[in-house]
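Accompanying notes for the structure given below.
Note: hydrogens, waters and symmetry copies are ignored here, and every other heavy atom, side chains too, is used. If you're wondering where the values come from, they're calculated on a predicted model, not measured in any experiment. In what follows, every chain begins at residue 1, and chains take the letters A, B, ... in the order their sequences are listed.
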Amino acid sequence: MSEITDKTVPEYKSLNFIEQIVEEDIRNGKNEGRVHTRFPPEPNGYLHIGHAKSICLNFGLGLKYNGKTNLRFDDTNPSKEEQEYVDSIKEDVRWLGFDWEGREFYASDYFETLYEFAQKLIRKELAYVCELSAEQISTMRGTPNVPATPSPFRERSVDENLDLFGRMRAGEFPDSSHTLRAKIDLASPNMHMRDPVLYRIMHVDHHRTGTAWCIYPMYDYAHGQSDSLEGITHSICTLEFEVHRPLYEWFLRALEIFPSRQIEFARLNVTYTVMSKRKLLELVTSGLVKAWDDPRLPTICGLRRRGYTPQSIREFADRVGVAKRENVISIALLEHCLREDLNKRALRVMAVLNPLKVVITNYPEGKVEEIDAVNNPEDAEAGKRKVPFSRELYIERDDFIIDPPKKFYRLAPGREVRLRYSYFVTCVDYKTDAEGNVTEIHCTYDPATYGGNAPDGRKVQGTIHWVSAAEAVKAEVRLYEPLFMIESPEDVPEGEDYKQNLNPDSLKVITAFVEPGLADAVALTNYQFERLGYFNVDPDSVSGSPVFNRTVTLKDSWSKMEKDGKTQ
RNA sequence: UGUCCGAUGGUGUAAUUGGUAACACAACUGAUUCUGGAUCAGUCGAGUCCAGGUUCGAGCCCUGGUCGGACAACCA
């Protein structure tokens, strides 16, 4: 077998169904081989990990096929949209590492053109001004089995429609009194084809067009035409728009404009969290989480503050794949991508979250040694740093047990372990309080093991981390657990409150001791607290009082063994 | 209920478009290690929702069913 077939076959196999469509279009010379996509958020909320999948898909396609990707704000409903959201969306897309190369567009850029398109439809007798109320339209629309009853305004003359539509725009009518509707098929089994509303009257200021308009186009009427005007070749959206596709195509055909093609894929769901805008908004406004960038939220800004890297999110988007089947991706995969990335790049430091004092009884009082510590064993170029070592240290409370279970490799009376980077120490004594809780332990150290190795070649089973008591810096550490206690909080049956599944312990704040070098840690920097997990610097930090977020724990086979009862 | 869409190991995705089910994550075992991390090697695990049909051959095609989802806003 030749090397060429070995390489080309798997590459071909790994195309997702959208890439297959795109490549087929290129092969057939459709759109002159051009590929042009867009990411079209409505600026009415913050982006989340689900949007990240769509962003990676759209921009990824543009990059892969030497095409372009626009950023377009779908701002057709001024009552819900704000500049704040526009700004955050741009920041998030950029942070993820994508560039729309100045092609920042708005559906509102096309309001005038869209208006002219509507006049064209009226002239073609494909649209009419309707004076039915929303309720009337709804009841007269019928049901999937029962055809709609025609609006009494359906057969107005072109001139009358043109006149009325112009007066709608001119502001002569109050909100909701008139709509412009397409004249399509009242008996269609697809409810979207039963004379959908194209324009509604809303005397509301728009965040970009101000008071210029009081009629606003509906999504269905604006989206495809915006795609078409921008020359979008492949308009990718989520599954729920599948039923809208006939309408999308109807407009482009009726208007005789560039035929963008809509393709739907299954949206991303992740375990133990919610993705719906409504729920996220509710969590934020009700104070159940602190803000849109609360590190427990699946929002892009929340993930960023939590310590996620853009690379890890892009890798994740890549691995979840693209298909039309509904899916729920395990949060474990996201965390895997994160650890994989952070392992390569995060600097290692020592921090003790739950301190237990250790006195090295044979170590000189007042002496402080600066010990060499490796910054990142995965990256030789990361170099070394100095960490102070002295007579009194803190170690993790979990790393000492008076009566240790089987396979416990850490400290216990009479046991010798290595203090990372420094010396072997042996526990010779411990003190307890009235309740029997250990308050302090006494160890002796072996000066010959400086640097962490014994010249006589003896081995220890465990290596534990530590921090020098006098030099350590106090830090606030925020420990996060999943926001919800059940895997699919979004699935809660109608009528039940999804909030009852919120995890009351999703945030725990503690005070920890960290290496002195971390006193002025820079916001958002990722670190690995050795043996504990990845932590990043929260923007709440001030000089001398750093604040850390636990991004994700390290894989922990010990606690797993404990849980599985393998230490009995 | 009508139309549309989907169904492949625990979870996702793939299968050269009809050629004998693969990859990742998870799980498990071992090696290695100054992080019980990382790394390396390996193991387990579905016969493709069901029933028929076409075919030398079906996860891919056809028929009928089952289950799940979307749609019936002047939201997107």
Taking atom P in both rC5(B) and rA24(B), compute the distance separating them and give it to the nearest angstrom.
33 Å

How many Å lie between CZ on F17(A) and C1' on rU17(B), as a whole number?
16 Å

Distance in Å, L356(A) CG paired with D399(A) CG, rounded so as to fall on 0.5 Å steps:
9.0 Å

Gap in Å between the two C1' atoms, one belonging to rU55(B) and one to rU63(B), rounded
16 Å

Would you state whether a donor and an acceptor, one from the side chain of H244(A) and one from the base of rA76(B), lie under 3.5 Å apart?
yes

Between rC4(B) and rG64(B) - P atom distance, rounded Å:
12 Å

For nucleotides 38-43 of chain B, just jot down a letter per nucleotide in 5' to 3' order: B, S or -, based on protein non-hydrogen atoms under 4.0 Å.
S-----

For a quick check, tell me whether the side chain of N190(A) and the base of rU3(B) share a donor-acceptor pair closer than 3.5 Å.
no

I need the CD1-P distance between I184(A) and rU3(B), as an integer number of Å.
20 Å

Side-chain N or O of R200(A) versus OP1/OP2 of rA76(B): is the shortest distance under 4.0 Å?
yes

Value rounded to 0.5 Å, distance of CD in E315(A) from CG in L333(A):
9.0 Å

From C-beta outward on R531(A), which listed nucleotide comes closest to its side chain: rU13(B), rG36(B), rU29(B)?
rG36(B)

Side-chain donor/acceptor of R319(A) to base of rG12(B), under 3.5 Å:
no

Do S488(A) and E490(A) pair up side chain to side chain, a donor and an acceptor below 3.5 Å, judged on atom types alone?
no

Select base, sugar-phosphate, or nothing to describe what Y421(A) touches, counting heavy atoms under 4.0 Å on all strands.
base

d(Y450(A) OH, E369(A) CD) to nearest 0.5 Å is 5.5 Å

Consider the side chain of M202(A), meaning its heavy atoms from C-beta on, and name the nucleotide among rA73(B), rA70(B), rC75(B) that approaches it most closely.
rC75(B)

Report which part of the nucleic acid V146(A) touches: base, sugar-phosphate, or nothing (heavy-atom distance under 4.0 Å, all strands).
nothing

Using the P atom as the point on both nucleotides, what is the distance between rA38(B) and rA26(B), in whole Å?
9 Å

Can a cation-pi geometry be assigned to R208(A) and Y106(A), taking NZ or CZ under 6.0 Å from the six-membered ring centre and within 45° of the ring axis?
yes

Between rG59(B) and rU13(B), how far is it from one C1' atom to the other, in whole Å?
14 Å

Tell me what P41(A) touches on the nucleic acid: a base, only sugar-phosphate, or nothing, going by heavy atoms under 4.0 Å.
nothing

Measure from NE2 on H336(A) to P on rU11(B) and round the result to the nearest Å.
19 Å

Checking rC74(B), rU13(B), rG2(B) against the side chain of V197(A) (C-beta onward), the nearest is rC74(B)

Look at the rings of Y445(A) and Y423(A) and say which category their plane angle falls in: under 30° parallel, 30 to 60° tilted, over 60° perpendicular.
perpendicular

What's the closest nucleotide to the side chain of N77(A) if the choices are rC74(B), rA76(B), rG6(B)?
rA76(B)

When you measure from the side-chain N and O atoms of R181(A) to the phosphate of rA73(B), is any distance below 4.0 Å, counting only OP1 and OP2?
no

Rounded distance (Å) that lies between atom P of rA15(B) and atom CG of L15(A):
8 Å

Once pairs are restricted to Watson-Crick or G-U wobble with both distances under 3.5 Å, how does RNA chain B read as a dot-bracket string, [ ] for crossings and | for other-strand pairs?
.((((((..((((.....[..)))).(((((.......))))).....(((((..]....))))))))))).....

Between rG57(B) and rG52(B), how far apart are the two P atoms, rounded to whole Å?
16 Å

To the nearest angstrom, how far is Q528(A) atom CD from rU35(B) atom P?
11 Å

Is any side-chain N or O of T463(A) closer than 4.0 Å to OP1 or OP2 of rU33(B)?
no

Could you walk me through whether Y110(A) and E230(A) pass the side-chain contact (heavy atoms from CB on, under 4.5 Å) test, one step at a time?
CA-CA 10 Å; Y110(A) 313 128; E230(A) 292 175 19; 2.4 Å; yes

Could you tell me how far rG18(B) sits from rC61(B) if I compare only their P atoms? Round to whole Å.
8 Å

Using the P atom on both, measure rC75(B) against rG6(B) and round to a whole Å.
30 Å

Quick one: classify the glycosidic conformation of rG30(B) as syn or anti, with syn meaning within 90° of 0.
anti

Measure from CD1 on I201(A) to C1' on rC74(B) and round the result to the nearest Å.
10 Å

Determine: side-chain N/O of T76(A) to OP1/OP2 of rA76(B), distance under 4.0 Å, yes or no.
yes

Expected label for rU17(B) (glycosidic angle, syn inside 90° of 0, else anti) would be syn

I want to check a possible cation-pi pair here: R169(A) against Y115(A), using under 6.0 Å from ring centre and within 45° of the ring axis as the test.
yes

Any side-chain N or O of S330(A) below 4.0 angstrom from OP1/OP2 of rG10(B)?
no

Nearest listed nucleotide, side chain of P377(A), among rG12(B), rG37(B), rG36(B)
rG37(B)

Would the F529(A) and Y534(A) ring centres measure less than 6.0 Å apart?
no

Name every residue in residues 46-55 of chain A that has at least one heavy atom under 4.0 Å from any atom of RNA chain B, in order of residue number, or write none if there are no such residues.
none

When you measure from the side-chain N and O atoms of Q20(A) to the phosphate of rA15(B), is any distance below 4.0 Å, counting only OP1 and OP2?
yes

Could you give the CD1-to-C1' distance, from I137(A) to rC74(B), as a whole number of Å?
7 Å

Base, sugar-phosphate, or nothing: which does F241(A) touch, judged by heavy atoms less than 4.0 Å apart?
base

Closest to the side chain of L554(A), out of rG6(B), rU35(B), rC74(B), is rU35(B)

Ignoring hydrogens and geometry, is there a side-chain-to-backbone donor-acceptor pair from E42(A) to D75(A) under 3.5 Å?
no

What is the distance, rounded to the nearest whole Å, between atom NZ of K560(A) and atom P of rA26(B)?
11 Å

Take D564(A) and K560(A) through the test salt bridge (charged side-chain N to carboxylate O under 4.0 Å, His left out) and record every step on the way to the result.
CA-CA 6 Å; D564(A) 296 348; K560(A) 203 172 141 40; 3.6 Å; yes

Can you check rA73(B) for me, syn or anti if syn means within 90° of 0?
syn

Under 4.0 Å, heavy atoms only, any strand: does A323(A) hit a base, just the sugar-phosphate, or nothing?
sugar-phosphate

Chi angles and distances behind the side-chain contact (heavy atoms from CB on, under 4.5 Å) call for S228(A), F251(A)
CA-CA 10 Å; S228(A) 179; F251(A) 284 125; over 6 Å; no

